[in-house]
Each structure stands twice: as C-alpha cells, then as structure tokens.
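Numbering of ligands and ligand atoms starts at 1, following listing order. Numbering of residues begins at 1 and proceeds along the displayed sequence.
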Amino acid sequence: MSLEKVVDSNRVIYLDCHSTTPTDPIVLEAMWPCFSEVFGNPGSPTHAYGVRARELVDAARATFARVLAVESDEIVFTSGATESNNLAIFGAAKRWQGKRKHLVTIGIEHPSVLEPIRQLEREGWRVSVVPVGQQQATGTLTREGSMSVPVGDLEWPGVVDLEALWSVLSEDTALVSISIANHEIGVIQPIRQIADLAHSVGALLHTDATQAVGWLPLDLDKWQADIVSFSGHKFYGPKGVGALYVRRRETYPGARPVRLFPRILGGGQEFGFRSGTLNTPGIVGIATALRLAHERQTGAAKAVGELRQRLWNQLTEWVPDIQLNGPNWQAGGPRLPNNLNFAVPFVEGQTIMLRATGVAVSSGSACSSSTPGVSMVLRAIGLSEDAARSSLRIGLGRFHTRDDIDLAAERLSQGILLSRG
Ligand code: PMP
C-alpha cells in the first residue's frame, strides 16, 4: 500500500513527522529479504547464512559512511537515537573519568540527552546549562505581538548563546552536547562555531542529528562534531535502529580518535562499542533511508519549506493572533524547513487537538510527556506555562501534498475556532 493511501484511508492528515515517519516502501523492500532468506547472524562467519548477512551489514555500513563522507569503522549501529545519545554521553564521560569533570548542554535538548547528563550530575559531574535566545527577541505572546523585529543571527529563540558557552568552557570540560536541530521548534544551531569553541579547550562535541536528516545537508566535515547521533524512524526508516558516528580520524588539528566506554557489554560487536546481535533488517533499512534522504534532501527541503509557508499563511489568515514559537524563518531565522510551532493565545493545545479531528499534530515531544501539555523546550525559550500549554507542534514530511496542507489548514483552523467557542 502506498503512503498516500495510508494517509487517505485513515482520513487523518499526519503532521507529526518530528515524532516519527512512515517507513518508505523502498526501504521496506530493501529490508524484506533480511527477515527471510538472509536471516543468518552477521556474527556467524562459519557458514554462508552468516556470511551473507554480514555482507548486507557491511554494505549498509559502507552506504551510511559514504553518505556522511566518513569511514565505515566510524559508524556504530544502535537501537535508536536514545541509545546513541546515552552511549555518547555516558561513554565519553566514563572515558574522561579522573581527568575532566564538567559537561555542557542547553535546556532545549531532547530528554535522551538531558537525562543522562542529569544522572552524571547526580554522580558528581559539574554541569553547565548554557542559555539560549529567548522568544521575546522576535515577538511576544500578546494578541498584538509582532514577529518582525530583526535580530542578529545568534539571538534567535533557541540558538545557543556562544559567549555564554565560551565563558563556561575550561580545560575541565569533557563534553559539550548540543543538537544541530531541535525536535520542537526546529532551531538550527551554529554547530561549527560550537565545535571550534569546544575543541579550543580540548573538549569533545556530541551533536544529536536526529531531526536534521533529510532537511539539512549532512556535512560532517563542516560540522566538526566528534560524535553524532541518528535515528532511523525520523527519516522514513524503521523504528528500533539508530547509529552513532564516532570520529576516529584527525579531522581537526590535534584531534585524537574518540574512545567511548561501552554501555552494553557482551560479544564485542560494533567495534566493541555496542554488543548484541546486529539488527540486520534495521541496519539495511536505516542505511537505505539515509541514502534516500541524502539524495532527496535539496528538493525535499525546498518543497516542504514551501508547504510550511503555505500552511502558515493559511493558519494566520484564519487565526490572525496565533504566535510563532522559535526562530522566524521568514526573517531569515535558522529553522528546519519542515517545522512549525505556534501558540494559540487563550486556548489549550490539548483542547485544539481534541477538536481538530482529521489532523494528527502534537503539543510537544512525544518523549517528554511527564508534564503533559507543557513543553520544556518552550519554557526554556522563555514562554510562560500558559503559552507553552497553548502551543502546537507540526512536523511536515516529504510525502505531503498541497491538497494535504490546504485540508490540514482548514481542519486545524476550524478546530481552533471551535475551541474558542
Ligand atoms: N533525539 C531527538 C532530537 C528526538 O527527536 C528523538 C525522538 N523523539 C530522539 C532523540 C529519540 O530517538 P529514538 O526514538 O530513536 O530513541
């Protein structure tokens, strides 16, 4: 069944691509043999079944590495970005133990970054949460609020304050962990500048690239991050598979190969970083999905950016007082082309979602539902609890059409107007 049909038959327009995406039929096709004829364990070299499976994994790893322009032995396959982030943070911290004792992040990171760092803080690590640009810089949540005040590139809501970052860094800093693109407001960080600052004190940079794939060029050479996390299901690959790039080469002067202490011990698979029988279907799937995302990135980013603009134009026409959360791309703000996040003053996001039947949106990260309805990301960029509660997040994808967007705008606007009574 085609993806369009899945959307049609449910009669609900799926606008939650930051949460997950459907598996591309091309990806599924590539995975299919791994469930049947190529079912061997890639770690069993003594017979043809194992050898064949190993060949598929090797080819997938080579594809993944080629897309990123890195070496195959720099790619570690995991169960998803949660595991990748945990491995990066705990793994780097344990390697530095006794030498450095300071970690740096920002308050808008995904819980799979923040929670490991909080755990390390409980274990005695010093942690700095560097401030990010505040929402007030480009608009406030009043009915009259304007989004048009121009600000410098680095003052956009959610963008890390580089001076504050510089001021907390020292020779005690082991790791800086800042994602290149945010999962709720789509803000894109100046990752190369962050890398240069981290490296100037000898610290490593980890970046969670989960939300960037398919929308930004994956230029690891330019980013200069030492460790990078990926998740298959965010770019039309399967769930339950991810990857971690772990730099081995000297990509900047003085860079030593990154050594991570493994989180999962056992048979020593994945260069010893991550034991466990390899998930052949998942690995073939994520590599195929990454290749497709890469091949289509330029066209997809342009097309989805136009759809996002179309949706925003219609929403603001129906509901003139909705307020954009995060950087205003229309004024040059650094934002993923598929992301929208806005507050509807005086209405709860949950209420809108109940009323706007026929669209699937979210009120924030699916993984941070411990305080339902209140996005920690929005709070961290300065929104009040009320404004955060009245916000919705939309993630567009590469299969959306103009018709989907027009219908979605109408359904959402109706839902908002109904919620207001
Ligand atoms: N990082 C980010 C930025 C995410 O959006 C997500 C998924 N919500 C994750 C990590 C976790 O990814 P996974 O589902 O693969 O564990």
Side-chain angles (χ1 to χ4, degrees), residues 14-23 27 64 75-90 105-118 132 158 160 177-189 191 194 205-216 218 223 225 227-245 263-264 274 276 279 281-283 285-287 289-290 293 326 334-336 338-341 360-372 375-378 380-381 393-397:
Y14 184 78
L15 301 173
D16 200 13
C17 289
H18 293 297
S19 171
T20 194
T21 56
T23 306
V27 172
F64 209 96
I75 301 300
V76 176
F77 289 114
T78 66
S79 65
T82 298
E83 186 192 329
S84 294
N85 289 342
N86 273 261
L87 172 58
I89 294 163
F90 284 117
T105 190
I106 52 177
I108 63 170
E109 287 299 314
H110 189 266
S112 58
V113 167
L114 291 177
E115 289 306 320
I117 290 178
R118 282 195 191 116
V132 295
V160 63
S177 181
I178 294 179
S179 60
I180 181 150
N182 184 263
H183 53 293
E184 292 196 23
I185 54 172
V187 59
I188 300 166
Q189 301 292 346
I191 208 70
I194 297 169
L205 172 65
H206 164 242
T207 193
D208 178 357
T210 297
Q211 296 290 347
V213 180
W215 309 116
L216 300 181
L218 297 174
W223 299 358
I227 318 170
V228 185
S229 300
F230 299 91
S231 172
H233 71 103
K234 307 287 183 173
F235 50 91
Y236 302 92
K239 292 171 184 59
V241 63
L244 192 65
Y245 158 77
R263 292 284 288 165
I264 302 176
R274 199 271 184 186
N279 170 5
I283 289 169
I286 194 175
L290 187 80
R335 187 172 194 135
L336 289 175
N338 63 329
N339 172 269
L340 251 190
N341 194 313
V361 298
S362 93
S363 59
S365 166
C367 324
S368 60
S369 48
S370 53
T371 29
S375 153
M376 297 318 288
V377 172
L378 297 181
I381 63 167
R393 175 188 72 170
I394 288 176
L396 300 180

>> To the closest 0.5 Å, what do you measure between CZ (Phe77) and CG (Asn279)?
In response: 10.0 Å

>> Please determine whether any non-hydrogen atom of Gly242 lies less than 4.0 Å from an atom of ligand 1.
In response: no

>> Testing the 3.5 Å rule here: is there a donor-acceptor pair between the side chains of Thr210 and Ser231?
In response: no

> Are any of the N or O atoms of Gln211 closer than 3.5 Å to those of ligand 1?
Replying inline: yes

> Which value, rounded to the nearest 0.5 Å, describes the distance between Ser79 atom OG and Lys239 atom NZ?
Replying inline: 14.0 Å

>> So does Glu83 get a backbone contact from the side chain of Arg263, meaning a donor-acceptor N/O pair under 3.5 Å?
In response: no

>> Out of Lys234, His183, Lys239, who is nearest to atom 7 (C) of ligand 1 when you count heavy atoms only?
In response: Lys234

> Considering only heavy atoms of His233, which atoms of ligand 1 have at least one such atom less than 4.0 Å away?
Replying inline: 13 (P), 14 (O), 15 (O)

> With Asp208, which of Ser84, Ser229, Ser177 fulfils side-chain contact (heavy atoms from CB on, under 4.5 Å)?
Replying inline: Ser229

> How does Glu83 reach ligand 1, by side chain, by backbone, by both or by neither, if only non-hydrogen atoms under 4.0 Å count?
Replying inline: neither

>> If I take atom CD1 from residue Ile180 and atom CD1 from residue Ile194, how far apart are they, to the nearest 0.5 angstrom?
In response: 8.5 Å

>> Taking side chain to side chain donor-acceptor pair (under 3.5 Å) as the criterion, tell me which of Ser375, Ser362, Ser363 meets it with Arg393.
In response: Ser362

>> Using a 3.5 Å cut-off on N or O atoms only, is His110 in polar contact with ligand 1?
In response: yes

> Going by the order shown, which atoms of ligand 1 are within less than 4.0 Å of some heavy atom of Ser112?
Replying inline: 10 (C)

> Can an N or O of Gly80 be found at a distance shorter than 3.5 Å from an N or O of ligand 1?
Replying inline: no

>> Quick check on contacts: which atoms of ligand 1 are under 4.0 angstrom from a heavy atom of Thr82?
In response: 11 (C), 12 (O), 13 (P), 16 (O)

